[in-house]
Amino acid sequence: MTASTDTARLRICPADETIDGFDDRDPFPFYEQIRAVGSPLWDARAKAWLVLDFDQCAAVQRDERIFANAYIMADEVVRQIKGGGANITLSRDAEHDRLRRFHLKLLSPASVARFRIAHIGPIVDFVADRIGQGGRAELFADYAAQIPPRVICSLLGMPFDDDAMMARILVLNEEIVQFIASGYRDEERRDRALAASAELNAMLLPYVRARRDNPSDDFISRVWQEAPAAGIAMDEDAALGLCRELYFAGSDTTVHGIANALYLLLADPALMAQIRSDRGKPLAALIEESLRLFNVVQYRHRICMADTRIGDTPIAKGEVVILVHAAANRDPAKYDGPADVDLHRRTPTDHLAFGKGSRSCVGSQLARVEMRVAIEALLDRFDALALDRDAPPPRFQALYMRSMAPLHVRLG
């Protein structure tokens, strides 16, 4: 904290807690405790300002001139961890605009509708058929975690039925997530993330090279064929970096998203009955409520580029701001009954799960469709799907990206 801080108005996180201290723990009582103190407040252990107010979080995300993406300070090691090349999260200004437009074209609503038929549906069936072979299942490891990485690999033209590769992708992505969660500051996590990135590159590179020479109907081929016309200089490193971000961002977050939506259904038999009776708007609303209530990515980092204020609190140039989206999505000033599942909210998509502004998630529609198809497949197959009360119950797992697990169920 700098001398510019108005100590007379300072709000401080409790000395025995920090935003980084909730690995495998329920963070929401802590969020409510510090919400009562006010937003933003200083977390001495994280060396950052925590923002919990919905409107403040949204405003900060939309103002990248003052509150820059944390990757603005990325050194060469961080660039390597993220895959380098034409990577949307590492880019800024005009380059970022070009990459964002290109990603939105790849993941347009019309494209996602085609992906549902050609990729998502068949992969969900492939995974669901496997768990249907016994009377019980664990839907996090054996279902939710199996679908998104296979979908991304299929979209990239890679073999989605390679179980060992799918498991390894999740492990490697998690190493990178752990480094991101540290605010890019933990040296041990950095080294593990660097090794994970090199292994992911080694998996992808043969496909990147093959599609350059022999295009097919997949994302990698489209990158080579369409990116230059979008103003993106394309060589092997650029193609690898662009595909790496699709590879990374499209897997882990949606795994947790599917798990959280399933948890909401399984934890409330009345809600399950309601969705079974009407899968139209109620199911769409359930997906949005699961995103709002649990917010897979708990928080995001920003770096203040000039002296400014958030609310009544001065923030100095160079200080780190952590946007606690999981808390902001339960802001009572924004939502009635913020901790409740409400399938009748007037604007169900008005939440921060996918961010706001120019850094909002370009794959949000793909994630939503994967969540819907995954839920529908289980409802189609298992009329009496319910939590297995004799097995360990679901609980919050992980930290930066998190969901409720395990999800032990009886299938019938």
Side-chain angles (χ1 to χ4, degrees), residues 22-29 123-150 167 170 252-280 282-296 298 326 329-330 337-344 348 353 367-368 370-399 401-412:
F22 284 84
D23 199 10
D24 295 340
R25 295 168 57 199
D26 181 354
F28 289 101
I123 287 168
V124 168
D125 287 340
F126 171 83
V127 175
D129 288 345
R130 287 178 158 191
I131 67 164
Q133 297 173 3
R136 298 181 178 184
E138 199 284 277
L139 293 183
F140 181 84
D142 297 335
Y143 192 67
Q146 298 300 316
I147 294 169
R150 294 178 192 272
L170 287 172
D252 289 45
T253 50
T254 311
V255 166
H256 294 294
I258 292 171
N260 284 331
L262 289 174
Y263 170 75
L264 279 189
L265 268 181
L266 293 165
D268 187 340
L271 186 62
M272 174 74 82
Q274 183 178 356
I275 297 301
R276 282 192 180 279
S277 69
D278 184 353
R279 298 193 200 172
L283 179 51
L286 172 88
I287 289 169
E288 298 305 325
E289 281 290 87
S290 71
L291 291 165
R292 181 187 67 82
L293 282 166
F294 294 120
N295 210 99
V296 167
Q298 293 285 291
N329 273 342
R330 297 189 181 198
D340 300 331
V341 179
D342 183 351
L343 302 187
H344 303 288
R368 287 181 168 108
E370 288 184 65
M371 292 170 70
R372 172 178 275 275
V373 175
I375 293 169
E376 289 182 331
L378 293 178
L379 297 179
D380 287 341
R381 283 169 169 77
F382 307 114
D383 293 336
L385 183 69
L387 282 176
D388 186 347
R389 303 296 178 180
D390 296 328
R395 60 183 177 83
F396 281 105
Q397 295 201 1
L399 174 64
M401 292 186 191
R402 61 168 56 207
S403 57
M404 300 294 286
L407 294 175
H408 291 287
V409 296
R410 293 178 182 270
L411 300 174

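Index from 1, following the sequence.
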### Message
Parallel, tilted or perpendicular: which one describes the rings of F140 and H256, with boundaries at 30° and 60°?
### Response
tilted

### Message
I need the L399 CG to R25 CZ distance, nearest 0.5 Å.
### Response
10.0 Å

### Message
For L271 and E289: C-alpha separation, side-chain torsions, deciding distance, then whether side-chain contact (heavy atoms from CB on, under 4.5 Å) applies.
### Response
CA-CA 12 Å; L271 186 62; E289 281 290 87; over 6 Å; no

### Query
What are the two closest non-hydrogen atoms of R402 and P27, and how far apart are they?
NH1-CD, 3.2 Å

### Query
Does the distance from a Lys or Arg side-chain N to an Asp or Glu carboxylate O, for E376 and R372, drop under 4.0 Å?
yes

### Task
Might you point out which heavy atoms bring V124 and A374 nearest each other, and give the distance in Å?
CG1-CA, 4.1 Å

### Query
Side-chain contact, heavy-atom cut-off 4.5 Å: Q146 with I131?
no

### side-chain contact (heavy atoms from CB on, under 4.5 Å) assessment of V341 paired with L264
CA-CA 8 Å; V341 179; L264 279 189; 3.9 Å; yes

#### Entry: Min side-chain heavy-atom separation I275-L379 under 4.5 Å
yes

### Task
Would you list the pairs meeting salt bridge (Lys or Arg N to Asp or Glu O under 4.0 Å) in which at least one residue belongs to residues 138-147, sequence neighbours left out?
none

### Task
Determine yes or no for a side-chain-to-main-chain donor-acceptor pair under 3.5 angstrom, with R292 supplying the side chain and N329 the backbone.
yes

### Task
First locate atom CZ of R330, then atom CG of D340, and finally report the distance between them rounded to the nearest 0.5 Å.
9.0 Å

### Message
Using side-chain heavy atoms (C-beta onward) and a distance below 4.5 Å, is F22 in contact with Q298?
### Response
no

### Atom of A145, atom of L170 and distance for their closest heavy-atom approach
O-CD1, 3.3 Å

### Contact check, side chains of L378 and L262, non-hydrogen atoms, under 4.5 Å
yes

### Query
Could you give the distance from CG (N260) to CD1 (I287), rounded to the nearest 0.5 Å?
12.5 Å

### Query
Taking the side chain as C-beta and beyond, is there a heavy-atom pair between L407 and Y143 under 4.5 Å?
no

### Task
Compare all side-chain heavy atoms of R276 with those of L385 and state whether any distance is below 4.5 angstrom.
yes

#### Entry: Close side-chain approach of D24 to R395, heavy-atom, < 4.5 Å
yes

### Task
Write down the atom of T254, the atom of A367, and the distance for their closest heavy-atom approach.
OG1-CB, 3.7 Å

### Exercise: identify the closest heavy-atom pair between R389 and L266
NH2-O, 4.5 Å

### Message
What's the separation between atom CE in M272 and atom CG in L387, rounded to the nearest 0.5 Å?
### Response
8.0 Å

### Closest non-hydrogen atom pair, A259 against M404
CB-O, 4.1 Å

### Task
Test salt bridge (charged side-chain N to carboxylate O under 4.0 Å, His left out) on R381 and D125 and set out the steps.
CA-CA 10 Å; R381 283 169 169 77; D125 287 340; 3.2 Å; yes

### Task
Find out whether D380 and R279 are in side-chain contact, i.e. whether some heavy atom of one side chain is under 4.5 Å from a heavy atom of the other.
yes

### Message
Between F28 and F396 (judged by ring centroids, cut-off 6.0 Å), do the two rings come close enough to count as a pair?
### Response
yes

